[in-house]
Amino acid sequence: MMRHDVAIVGGGCVGLSVAKHLAEETDLDVAVLEKEHHLAAHQSGRNSGVLHPGFNYPPDSKKAQFATEGTARMKAYCAEHDIPCEELGVLVVAQDDSEEARLEELAEQAEANGVEYELLDSQADIQAHEPHAVGQAALYAPEAASVDSQQYVYELAKEVQEAGVSLYTGYEVTEIDHAADGYSLATSNGRFEVSYLVNAAGLHADTLAHQVGVGEQYQVVPFRGEYYEVRPERAELCQTMIYPTPDPELPFLGVHYTRRADGKVIVGPNAVLAFGREAYDNTDVNPRDLYETLTYEGFRKLLSSKMMVKVAWNELNKSYRKEKFTAASQRLVPEVRAEDLHKSYAGIRAQLVSDDGELVKDPLFVERDDAVHILNAVSPGFTSSLPFGEHIAEVLAEKV
Ligand SMILES: Cc1cc2nc3c(=O)[nH]c(=O)nc-3n(C[C@H](O)[C@H](O)[C@H](O)COP(=O)(O)OP(=O)(O)OC[C@H]3O[C@@H](n4cnc5c(N)ncnc54)[C@H](O)[C@@H]3O)c2cc1C
């Protein structure tokens, strides 16, 4: 049996950031338990790798605060640790009057959140930034950047180990129980006794939280995001990052173009219901997970909205019919052709849904006297990981 002061379940960017800040700010004996043998196997290594400065989020919200601070801190961290980070800027493109009106709202948010921006009101101005993008107006945010997310996770892991944190990879936490002084964790490699617990298990955070009676009014619903890569000979179609104007009703940003830190141009992600929490291919099915989703009352209520059914149908089509994905890509860059796109990786978002059928859009964590359960480390969770992890570390340190 292993004994530590704190167990952090989940070695993604959030769990490791909590570990980093606990190691820096306390003398606690901290362990990170990660079920995979390799890091960055799930959300933290399967994303767009974009640092989103806070123009997309309402002023004074935690999301805006963490994203704005996170963007600046991540750039400094990448520079200090030699992690690829390209400060390319992002162009958010509007195609019609209603989207253009939304750009004005984004500009107001950018202003309030102290994010640099420029509004472009002609096709000529758009093409001065992105020669192949098409739209009637755009918001240009120069602070957006593209980071190698997997290298970032590995660097965090290296740093925390050097600071004395024990990192156990290949240790899946299968059961959490209350013990006389803290928690007893059953893992795939033996039992751990700890005084404090941080649940940062991403796609599985709700399952673990429910074992100790936390967050029972929520469930993670997995939404897969699939990417295509623009073949290298056509990568000039996107120089930086080109996004559609986001729909404020939806938590996902829509199919966009990202020039990654390694120079590849990827298009995506869509947002389709995954038939399993780790069902990365559109033919993968995990019957237990799927049953859990389909019988969840929150999911059924979510699907009772006509708008959500329409969105779900469109996204499903983009997953199974390449021409639909291409059409969504052509909305921003009409010159892209189906043969320019080849299938790349996919990520799965741990989207928290409440029993009343709401998609939880803000970061959510639940505190207990001796635990913090991070139930919704929603996008831009990668951008926000340094300040968010620091915040959770502070919350936990106060309990000790
Ligand atoms: C397709 C996609 C695109 C995105 N794009 C962006 C973007 O461009 N910018 C941005 O800021 N954010 C983006 N995000 C969001 C961002 O990736 C997440 O918010 C962030 O990675 C969450 O990190 P995490 O550490 O909470 O989760 P994870 O990375 O999923 O880490 C959780 C870890 O817990 C481990 N684990 C789970 N269960 C157990 C268990 N029982 N025992 C032990 N270990 C366990 C898992 O193996 C995993 O390593 C995107 C997400 C997706 C899916």
Side-chain angles (χ1 to χ4, degrees), residues 7-19 31-54 56-57 63 66-67 70-71 74 90 144-147 149-150 152-153 156-157 167-176 185-189 192 198-209 211 220 222-227 241 243 251-253 255-256 258 260 266 268-272 274 277-278 280 344-352 363-365 373-386 388-389 392:
I8 298 172
V9 184
C13 62
V14 172
L16 288 169
S17 172
V18 177
V32 175
L33 305 181
E34 165 55 52
K35 75 183 174 80
E36 306 294 346
H37 290 281
H38 301 285
L39 298 172
H42 299 292
Q43 298 176 91
S44 302
R46 289 171 170 268
N47 53 39
S48 304
V50 174
L51 300 187
H52 293 291
N56 263 334
Y57 317 112
K63 241 180 170 175
F66 288 143
T71 299
M74 181 83 94
V90 66
S146 193
V147 168
S149 58
Q150 298 191 347
Y152 168 64
V153 172
L156 276 180
L167 174 59
Y168 297 88
T169 50
Y171 282 67
E172 178 172 11
V173 175
T174 51
E175 208 177 315
I176 303 181
L185 310 181
T187 81
S188 49
N189 274 313
F192 284 64
V198 178
N199 171 3
L203 286 153
H204 303 276
D206 60 332
T207 310
L208 294 180
Q211 290 178 3
V220 164
F223 282 95
R224 189 174 54 247
E226 296 153 330
Y227 293 90
M241 292 183 262
Y243 277 60
F252 311 127
L253 292 175
V255 166
H256 50 260
T258 305
R260 293 183 355 158
I266 52 167
N270 54 354
V272 65
R277 290 173 190 239
E278 298 178 12
Y280 287 106
S344 186
Y345 62 97
I348 299 185
R349 307 167 182 88
Q351 175 60 52
L352 202 68
L364 179 77
F365 61 88
H373 295 265
I374 302 166
L375 296 182
N376 204 37
V378 67
S379 185
F382 171 69
T383 306
S384 310
S385 54
L386 288 173
F388 186 53
I392 300 293

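Atoms within a ligand are numbered from 1 in the order they appear, just like the ligands themselves.
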From the candidates N47, L39, V32, the one that places a heavy atom nearest atom 51 (C) of ligand 1: N47
Within-cut-off N or O pair, C13 and ligand 1, under 3.5 Å: yes
Atoms of ligand 1 close to L33 [distance to a heavy atom under 4.0 angstrom, numbered from 1]: 43 (C), 44 (N)
Test of proximity, G202 against ligand 1: N or O pairs below 3.5 Å: no
Any N or O of S384 closer than 3.5 Å to N or O of ligand 1: no
Atoms of ligand 1, numbered as shown, that sit under 4.0 Å from any heavy atom of T383: 9 (N), 10 (C), 11 (O)
Y227-ligand 1 polar pair, N/O distance under 3.5 Å: no
Parallel, tilted or perpendicular: ring planes of Y280 versus H42, cut at 30 and 60 degrees: parallel
Geometric N/O contact R349 with ligand 1, under 3.5 angstrom: no
Test of proximity, E36 against ligand 1: N or O pairs below 3.5 Å: no
Contact atoms of ligand 1, heavy-atom distance to G49 under 4.0 Å: 8 (O)
Check: V14 N/O within less than 3.5 Å of ligand 1 N/O: yes
Distance from atom 47 (O) of ligand 1 to nearest protein heavy atom, with residue and atom: E34 OE2, 2.6 Å
Min N/O separation S44 to ligand 1 under 3.5 Å: yes
Heavy-atom proximity to atom 41 (N) of ligand 1, best of L375, I348, V173, T174: V173
Main-chain N/O of A186 paired with T174 side-chain donor or acceptor, under 3.5 Å: yes
Mutual orientation of the aromatic rings belonging to Y243 and H256 [parallel < 30°, tilted 30-60°, perpendicular > 60°]: parallel
Nearest neighbour in protein (non-hydrogen) for atom 32 (C) of ligand 1: A200 O, 3.5 Å
Close approach, A41 and ligand 1, non-hydrogen under 4.0 angstrom: no
Atoms in ligand 1 flagged as close to A377, the criterion being non-hydrogen separation under 4.0 Å: 18 (C), 19 (O), 22 (C), 26 (O)
Element-labelled atoms of ligand 1 that are located less than 4.0 Å from some non-hydrogen atom of P380: 10 (C), 11 (O), 12 (N)
Non-hydrogen atom of F223 closer than 4.0 Å to ligand 1: no
Numbered atoms and elements of ligand 1 in range of G381, under 4.0 angstrom, heavy atoms: 11 (O), 12 (N), 19 (O)
